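Input: a single structure, listed below in C-alpha cells.
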Amino acid sequence: MKLWLLFLLSLLITQLFTPTHSLKCTSQTFTNNKLYKNCADLPTLDSYLHYTYDADDSTLSVVFIAPPAKPDGWIAWGINPNGTGMAGTQALIAYKTSNGKMTVKTYNLVSYGQILQSKLSFDVSDMAAENSDGVMRIFAKFELPENTTSINQVWQVGSSVNNDVPAKHAFDQANLSAKAKLKLDESAGAPSPSPSPSPSPSAKSEGDSNDKDKDKKDNGAKRELKPVEVLINNGTSATRNGTGSPCHGGESTS
C-alpha cells in the first residue's frame with residue numbers, strides 16, 4: 001500500500017512541474033472568424049501555422065502565429081522554393097511601425113547576410129498583420145505552381161526593428177531549427193521535419209491488386225503503388241509572366 005501511494009504521489013508531482021504548451025493550434029481563433037482546414041503546432045519558437053490549400057487553383061492561405069523575441073520585435077514566415085534553410089526563402093515579415101500600426105512586407109532572403117525588401121517569386125495577396133496579447137499574426141494567400149503537394153517552410157522571430165529594417169535574429173538552436181517540410185494534403189498535425197522514407201519494394205496495395213486480379217487471369221500479380229511527392233523546385237517556381245522576374249509582393253498594413 002505504501003509503495004502504491006508513493007507511486008501516485010510521484011505521478012502527481014510530475015504533472016504539476018512538467019511544462020506544457022499553454023495553447024494549441026486547435027483552440028486558436030481569429031478576429032475575422034475565418035476558418036482554415038489544417039493547423040500545426042510548429043516545433044520551435046512557440047509558433048503555429050493555420051493553412052488551407054486549394055488544389056483547384058493552387059493557392060495556399062496561411063496564418064502564422066508567434067510571439068516576437070521582444071515586444072518591439074518581428075515575426076516571419078516564408079517558403080524556400082529551392083532549399084530547406086533561410087537563404088533563398090521568399091518571406092513575409094511583420095512588425096510594429098513607429099506609429100504603432102502593424103505592417104507586413106515581402107522579403108527575398110538572398111543570403112544570410114543580405115535581406116532585401118522586394119517582390120516575391122510567388123504571387124501573394126490578402127496580406128495583413130495583427131498584434132495582441134504579446135503575439136503577432138501574419139495572414140496571406142500564396143499562389144503556388146500547379147500540382148504542388150509539399151513546401152519547405154521557414155519561420156523566425158526577432159527582437160527589434162531599426163528604421164523599418166528587421167534586426168538579426170538570435171542564433172540559438174530554436175532559431176536554427178525553425179524550418180520544416182509541410183505536406184499540403186495532410187490533415188491537422190505537426191509538420192514533417194524531413195521527408196518520409198519511401199515504402200519498401202515489398203510493400204503492396206491490397207485494394208489496387210484486388211481490382212487488377214479481375215483483369216489478370218495468368219498469375220493474379222499485384223501492383224505496387226508508391227506515393228509521388230512534387231516539391232517546388234527551380235522549374236516549377238518560375239513566374240507566370242515568362243520573364244523570370246518576381247510577380248507580386250508589396251506591403252500591407254492593418
Side-chain angles (χ1 to χ4, degrees), residues 36-38 40 42-45 47 49-64 66 74-94 104-127 138-158 166 169 175-186 190-196 198 227-252:
Y36 295 81
K37 184 177 179 181
N38 305 301
L42 299 178
T44 67
L45 302 176
S47 304
L49 183 73
H50 296 251
Y51 63 98
T52 297
Y53 178 62
D54 188 335
D56 292 335
D57 58 9
S58 298
T59 58
L60 176 65
S61 298
V62 301
V63 184
F64 173 67
W74 53 267
I75 67 169
W77 186 88
I79 300 172
N80 191 330
N82 303 312
T84 59
M86 188 194 84
T89 295
Q90 307 294 292
L92 303 178
I93 301 181
V104 55
K105 298 180 180 180
T106 57
Y107 288 81
N108 180 8
L109 309 185
V110 178
S111 67
Y112 288 98
Q114 188 177 13
I115 299 177
L116 300 177
Q117 182 184 340
S118 68
K119 295 180 180 180
L120 304 183
S121 59
F122 303 102
D123 284 336
V124 58
S125 59
D126 299 342
M127 294 189 302
I138 294 176
F139 299 80
K141 178 189 285 188
F142 289 83
E143 183 175 335
L144 303 179
E146 293 182 0
N147 301 320
T148 299
T149 60
S150 67
I151 59 172
N152 295 316
Q153 62 169 330
V154 180
W155 63 95
Q156 197 56 252
V157 300
H169 61 77
N175 300 89
L176 300 178
S177 301
K179 54 186 177 180
K181 179 176 291 185
L182 181 69
K183 295 183 178 180
L184 302 178
D185 56 353
E186 287 188 343
S192 171
S194 60
S196 300
S198 300
V228 177
E229 185 174 89
V230 180
L231 290 177
I232 299 174
N233 52 41
N234 288 325
T236 59
S237 63
T239 56
R240 289 172 172 73
N241 59 10
T243 64
S245 60
C247 296
H248 180 82
E251 174 180 350
S252 175

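Keep in mind that what you see is a predicted model, and the values were worked out from it rather than measured.
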| Heavy atoms, side chains only, cut-off 4.5 Å: are Phe64 and Leu42 in contact? | yes
| request: With rounding to the nearest 0.5 Å, note down the distance linking CG in Leu176 to OG1 in Thr44. | output: 9.5 Å
| Test log, rule side chain to side chain contact (heavy atoms under 4.5 Å, CB included), inputs Asp126 and Phe139 | CA-CA 7 Å; Asp126 299 342; Phe139 299 80; over 6 Å; no
| query | Do Gln153 and Val62 have side chains that get closer than 4.5 Å, going by heavy atoms? | reply | no
| query | Looking only at heavy atoms, which two atoms of Ala87 and Asn80 are closest? And how far apart? | reply | O-ND2, 3.0 Å
| Quick one: are Thr148 and Tyr53 in side-chain contact, heavy atoms under 4.5 Å? | yes
| message | As an exercise, state the distance from CG of Leu45 to CD of Gln156, rounded to the nearest 0.5 Å. | response | 5.5 Å
| Between Leu109 and Ala91, what is the shortest heavy-atom contact and its length? | CD1-CB, 4.0 Å
| query | Can you tell if the side chain of Ile75 reaches within under 4.5 Å of the side chain of Val157, non-hydrogen atoms only? | reply | yes
| request: Identify the two heavy atoms, one from Ala180 and one from Trp155, that lie closest to each other, and give their separation to 0.1 Å. | output: N-CZ3, 3.7 Å
| query | Does the side chain of Glu143 come within less than 4.5 Å of Val124's, by heavy atoms? | reply | no
| Is the shortest heavy-atom distance from the side chain of Tyr107 to the side chain of Pro166 under 4.5 Å? | yes
| field | Inter-residue atom distance Lys141.NZ - Ser61.OG, 0.5 Å rounding | value | 4.5 Å
| task | List the atom of Thr89, the atom of Gly85, and the distance in Å for their closest heavy-atom pair. | result | OG1-O, 3.0 Å
| Value rounded to 0.5 Å, distance of OG in Ser150 from CG in Leu184 | 6.5 Å
| message | Working to the nearest 0.5 angstrom, can you tell me the gap between His169 NE2 and Asn175 CG? | response | 6.0 Å
| field | Nearest atoms (heavy-atom pairs only) where Ile138 meets Ala94 | value | CG1-CB, 3.5 Å
| message | When you measure from the side chain of Gln90 to the backbone of Leu120, do you find a donor-acceptor pair of N or O atoms at a distance under 3.5 Å? | response | no
| field | Minimum heavy-atom distance between Lys181 and Asn152, given as atom pair plus value | value | CE-OD1, 4.0 Å
